[in-house]
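In what follows, chains carry the letters A, B, and so on, assigned in the order in which the sequence lines appear, proteins first and then strands, with residues in each chain numbered from 1. Hydrogens, waters and symmetry mates are skipped; everything else that's a heavy atom, side chains included, is used. In this text the structure is predicted, and so the values were computed from the model without any measurement.
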Amino acid sequence: MSWSDVTYDPIDSSDVLERVGTPEDGAVALFLGIVRNSNDDRPVAGMEYEGYADMAREQLAVIVTEAAERADSDRVAAVHRLGELAVGEVSVAIAVSAPHRGEAFDAARFVIEEIKTRLPIWKRERYLDGEAEWLEGHLPLAREGAP
Amino acid sequence: MSWSDVTYDPIDSSDVLERVGTPEDGAVALFLGIVRNSNDDRPVAGMEYEGYADMAREQLAVIVTEAAERADSDRVAAVHRLGELAVGEVSVAIAVSAPHRGEAFDAARFVIEEIKTRLPIWKRERYLDGEAEWLEGHLPLAREGAP
Amino acid sequence: MEVTVLLFAAHRELVGAHDMVVSLPDGATVRTLLVELRGRGGNWADLPLHGAVAVNRKYADGETVLSDGDEVALIPPVAGG
Amino acid sequence: MEVTVLLFAAHRELVGAHDMVVSLPDGATVRTLLVELRGRGGNWADLPLHGAVAVNRKYADGETVLSDGDEVALIPPVAGG
């Protein structure tokens with residue numbers, strides 16, 4: 001029952017939470033990424049998430065499957081938001097349930113780390129002073145063999 | 001705004017989640033402990049949590065304060081349930097918000113680990129076959145200097 | 001002096017008591033109390049001499065000196081979460 | 001053959017295009033395509049030759065051989081979460 005999505009709609013964290021949990025699970029971990037009001041002391045007005053949505057959706061499904069294998073649990077749910085987000089809005093929500101807490105924490109952490117290194121999504125931070133900047137990102141793969 | 005409680009009332013996880021989060025926080029971690037339907041393949045009917053409630057309440061407040069210092073965040077909320085719990089009920093809920101994800105995950109993990117080693121709470125597992133057993137616990141402190 | 005003793009979980013079931021008032025000589029320590037309780041014989045002798053103890057809701061040890069009115073709790077290995 | 005090229009974020013802004021159809025000789029690789037795009041001059045020359053690329057929504061590399069109808073996306077360093 002693992003589940004994932006990449007969407008322009010607002011994220012409902014309790015909906016994500018309700019997608020996990022079975023009677024054999026003793027632990028649930030939920031992670032939410034939120035748009036902050038500042039970055040390096042510079043006041044932030046909001047964040048624009050641009051994505052290669054079709055590929056991001058496929059990649060997130062792969063990440064969730066990998067997390068489920070690691071956690072020995074098929075109760076992993078993850079959703080990433082795209083579009084214009086205001087401060088305080090949820091950009092990503094990850095829920096995992098597993099028999100024990102270690103597996104639940106580790107799988108949730110794995111999903112957010114992999115999202116940050118593999119998902120084709122980019123963010124432009126909008127500052128209160130009217131400027132905007134693409135945030136520095138991660139090269140998604142070692143480019144061995146690249147030309 | 002850190003908060004903690006030890007209570008005989010059912011835990012509302014969204015209430016705990018709403019106790020954390022400020023505009024400077026980019027990460028929220030929530031952990032829920034749930035009563036499982038089996039232990040070592042033995043079917044479980046429910047769990048009785050007995051506690052030294054007054055001391056547990058004080059100790060949980062100390063743990064939450066320590067977690068807040070570690071996370072450099074005063075947005076830590078934790079509640080532990082006492083009494084008779086059915087399978088699927090939440091026994092403990094911990095929420096942390098912090099500027100970055102590492103702090104949020106680490107603080108939530110710290111709180112649950114400390115709860116398990118320091119909080120004067122005991123659980124008796126009730127099995128479907130009608131038997132019940134106190135679960136093995138942790139010695140809460142090194143007893144150096146003990147008689 | 002008198003202290004209130006609290007027993008929980010397996011300890012409570014062992015001796016069939018949750019709380020009681022115990023009279024102790026002035027200057028008594030946690031250890032004095034534990035020796036007194038174990039000296040009652042029967043299941044009381046099975047209470048641990050080296051287990052965890054809290055005095056007035058703070059973890060203490062055998063050397064801790066008790067005062068009149070203290071609340072002393074024997075703490076079996078804990079299993080919250 | 002023709003492939004569809006997708007550009008995102010800073011790349012998209014650099015050249016002012018999000019998607020386009022590019023004609024390539026049969027047997028062309030991702031590297032052939034990148035060289036062709038950079039050869040257009042102006043800001044196009046600033047597109048990276050060694051950046052990440054996806055072919056049909058899977059990460060690929062410079063050696064990957066393209067086929068007619070492929071969807072090739074240049075992937076700037078990612079920053080989700």
Minimum heavy-atom separation for [X] to [Y], with atom names?
| X | Y | value |
| --- | --- | --- |
| B:R36 | B:N39 | NH1-OD1, 4.5 Å |
| C:A79 | B:E136 | CB-O, 4.1 Å |
| B:P43 | B:D41 | CD-O, 3.6 Å |

request  = Apply side chain to side chain contact (heavy atoms under 4.5 Å, CB included) to the pair B:V96 and B:F31, showing each step before the final yes or no.
outcome  = CA-CA 9 Å; B:V96 179; B:F31 175 79; over 6 Å; no
ask   = Who among B:I94, B:I115, B:V92, B:L119 has the most heavy-atom pairs with chain C under 4.5 Å?
value = B:L119
message = Heavy atom to heavy atom, less than 4.5 Å: which residues from residues 46-77 of chain B reach chain C?
response = B:Y49, B:E50, B:G51, B:Y52, B:D54, B:M55, B:E58, B:Q59
task = With rounding to the nearest 0.5 Å, note down the distance linking CD in B:E18 to CG in B:D15.
result = 6.5 Å
task = Kindly assign one of parallel, tilted or perpendicular to the pair C:H18 and C:F8, based on the angle between their ring planes and the thresholds 30° and 60°.
result = perpendicular
task = Give, as side chain, backbone, both or neither, the part of C:I75 having an atom under 4.5 angstrom from any heavy atom of chain B.
result = both
key: Chi angles and distances behind the side chain to side chain contact (heavy atoms under 4.5 Å, CB included) call for C:L47, C:H11   = CA-CA 7 Å; C:L47 287 175; C:H11 291 169; 4.0 Å; yes
